Peer 1: 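Take this structure, written in structure tokens, and hold onto it; I'll ask about it next.
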2 protein chains.
Amino acid sequence: MAKNNLFDTDLQQISAFCKALGHPARLAILRFLGEQKSCITDDISNELPLSRTTVSQHLTELKKMKLIQGEIDGVKVNYCLNMNELANMNKLINEFLKKTNCCEESCC
Amino acid sequence: MAKNNLFDTDLQQISAFCKALGHPARLAILRFLGEQKSCITDDISNELPLSRTTVSQHLTELKKMKLIQGEIDGVKVNYCLNMNELANMNKLINEFLKKTNCCEESCC
DNA sequence: AAATTATGACGCAAATATACGACACAATAT
DNA sequence: ATATTGTGTCGTATATTTGCGTCATAATTT
């Protein structure tokens, strides 16, 4: 993280998205929200083999990257996927891999 | 890492790939190799704002996930992209995001 | 044979990430 | 009014990642 700012902005952004996806718990959260089973923190953490506070931290991490949104409903918080940002992330990752991976001649 | 094995195998695999992409230096390495400018460690590290040994560690990380391959050529090592594994990774990430992101009704 | 070059392994320090329990707080329910 | 419920924050411990210098090694070059 310390030297991240020495790299191109686009690489910083893409790597930050990938980092957010770089933990199975966070993927499990995204999948669970996608299945619409529930949007409530407590239900999510009951589903995962982690404590409620740890899940809460992973939720914060996903929120930080705007991949999910939380809407307060009384005592509860309804979380849901941010489709726009997920699509944007998907596009950026795909573009990067396409650009990287497309060369005709190989040097090996 | 400690509790990773408590999650589904597919989530473990996808998150491991994303983790490998979760650092700008590793993305820069992949991009550099994709541009075919050179495959030699020393040239790669000269290109990046990091020491040779640190770059070497990032190369090891990418090798661990089979995203790149190294071929010994005398004293030097020629690195190149592993197109097959990159494509496989791309497919897995896309499938995951598509499956996650496709639901009609939103709960928020 | 000695110097040079390219590389990985090793050890270490600092920074981050992961994981959890205890606590605080606000909105319901009793 | 009091208890319960759902959440986030805080502090803390451990694990992992990041980053670098030094060293060993093997292949070239001189």
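Worth saying up front: this structure is predicted, and the values here are computed from it rather than measured. Each chain gets a letter, A, B and so on, in the order its sequence line appears, and its residues count up from 1.
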Peer 1: Respond yes when some side-chain nitrogen or oxygen of B:Tyr79 is under 4.0 Å from OP1 or OP2 of C:dG8, and no when none is.
Peer 2: yes
Peer 1: For B:Glu61, report the nucleic acid contact type (base, sugar-phosphate, nothing); a contact means any heavy atom under 4.0 Å.
Peer 2: nothing
Peer 1: Would you kindly give the CG-to-P distance between B:Asn4 and D:dT16, to the nearest whole Å?
Peer 2: 9 Å
Peer 1: Rounded to the nearest angstrom, tell me the gap between atom CG in A:Asp43 and atom P in D:dT7.
Peer 2: 7 Å
Peer 1: C:dG21 base to A:Arg52 side chain: any donor-acceptor pair below 3.5 Å?
Peer 2: no
Peer 1: Considering non-hydrogen atoms only, spot the tightest contact between B:Leu48 and B:Ala25 and give its length.
Peer 2: CD1-O, 4.0 Å
Peer 1: Carefully, step by step, assess A:Leu21 and B:Ile14 under the rule side-chain contact (heavy atoms from CB on, under 4.5 Å).
Peer 2: CA-CA 8 Å; A:Leu21 300 180; B:Ile14 298 168; over 6 Å; no
Peer 1: Among the nucleotides C:dA19, C:dT7, D:dG6, which one has an atom lying closest to any side-chain atom of B:Asp42?
Peer 2: C:dT7
Peer 1: When the distance from CD1 of B:Ile44 to C1' of C:dT7 is rounded to whole Å, what number comes out?
Peer 2: 12 Å
Peer 1: Return the value, rounded to whole Å, for the distance between atom CG of B:Leu50 and atom P of D:dT17.
Peer 2: 17 Å
Peer 1: Please figure out whether A:Asp73 or B:Val77 has its closest DNA chain C nucleotide nearer the 5' end.
Peer 2: B:Val77
Peer 1: Looking at B:His58, does any N or O in its side chain come under 4.0 Å of the phosphate oxygens OP1/OP2 on D:dG19?
Peer 2: yes
Peer 1: Salt bridge check: are A:Asp10 and A:Lys99 linked by an N-O gap of less than 4.0 Å?
Peer 2: no
Peer 1: Could you check A:Glu71 against A:Tyr79 for side-chain contact (heavy atoms from CB on, under 4.5 Å), going step by step and ending with a plain yes or no?
Peer 2: CA-CA 6 Å; A:Glu71 194 179 89; A:Tyr79 281 104; over 6 Å; no
Peer 1: Over how many whole Å does the gap from B:Ile72 atom CD1 to D:dT28 atom C1' extend?
Peer 2: 15 Å
Peer 1: Would you mind reading off the distance between A:Asn5 atom CG and D:dG19 atom P, rounded to a whole angstrom?
Peer 2: 10 Å
Peer 1: Inspect the contact between A:Asp42 and A:Lys76 and indicate whether a charged nitrogen and a carboxylate oxygen are less than 4.0 angstrom apart.
Peer 2: no
Peer 1: Check whether any side-chain nitrogen or oxygen of B:Thr41 sits under 4.0 Å from OP1 or OP2 of C:dA6, and answer yes or no.
Peer 2: no
Peer 1: Is A:Lys3 near enough to D:dC20 that one of its side-chain N or O atoms lies under 4.0 angstrom from OP1 or OP2?
Peer 2: yes
Peer 1: Counting just side-chain N and O atoms, does B:Lys19 come under 4.0 Å of either OP1 or OP2 of D:dT16?
Peer 2: no
Peer 1: Distance check: side-chain N/O of A:Thr53 vs OP1/OP2 of C:dA19, anything under 4.0 Å?
Peer 2: no
Peer 1: Over how many whole Å does the gap from B:Glu71 atom CD to C:dG8 atom P extend?
Peer 2: 14 Å
Peer 1: Have A:Thr54 and A:Ser51 got a donor and an acceptor in their side chains that come within less than 3.5 Å?
Peer 2: yes
Peer 1: Where each residue is assigned the nucleotide of DNA chain D containing its nearest heavy atom, which of B:Val75 and B:Arg26 is assigned the position nearer the 5′ end?
Peer 2: B:Arg26
Peer 1: By nearest nucleotide on DNA chain C, pick out whichever of B:Phe7 and B:Leu59 is the more 5' one.
Peer 2: B:Leu59
Peer 1: A:Ile40 has a side chain; which of C:dA6, C:dT18, D:dT7 sits nearest to it?
Peer 2: D:dT7
Peer 1: If I take atom NZ in residue A:Lys64 and atom P in nucleotide C:dT16, what distance separates them, rounded to the nearest angstrom?
Peer 2: 11 Å
Peer 1: Can you see if the side chain of A:Thr54 gets near the phosphate of C:dC20 - specifically, an N or O under 4.0 Å from OP1 or OP2?
Peer 2: yes
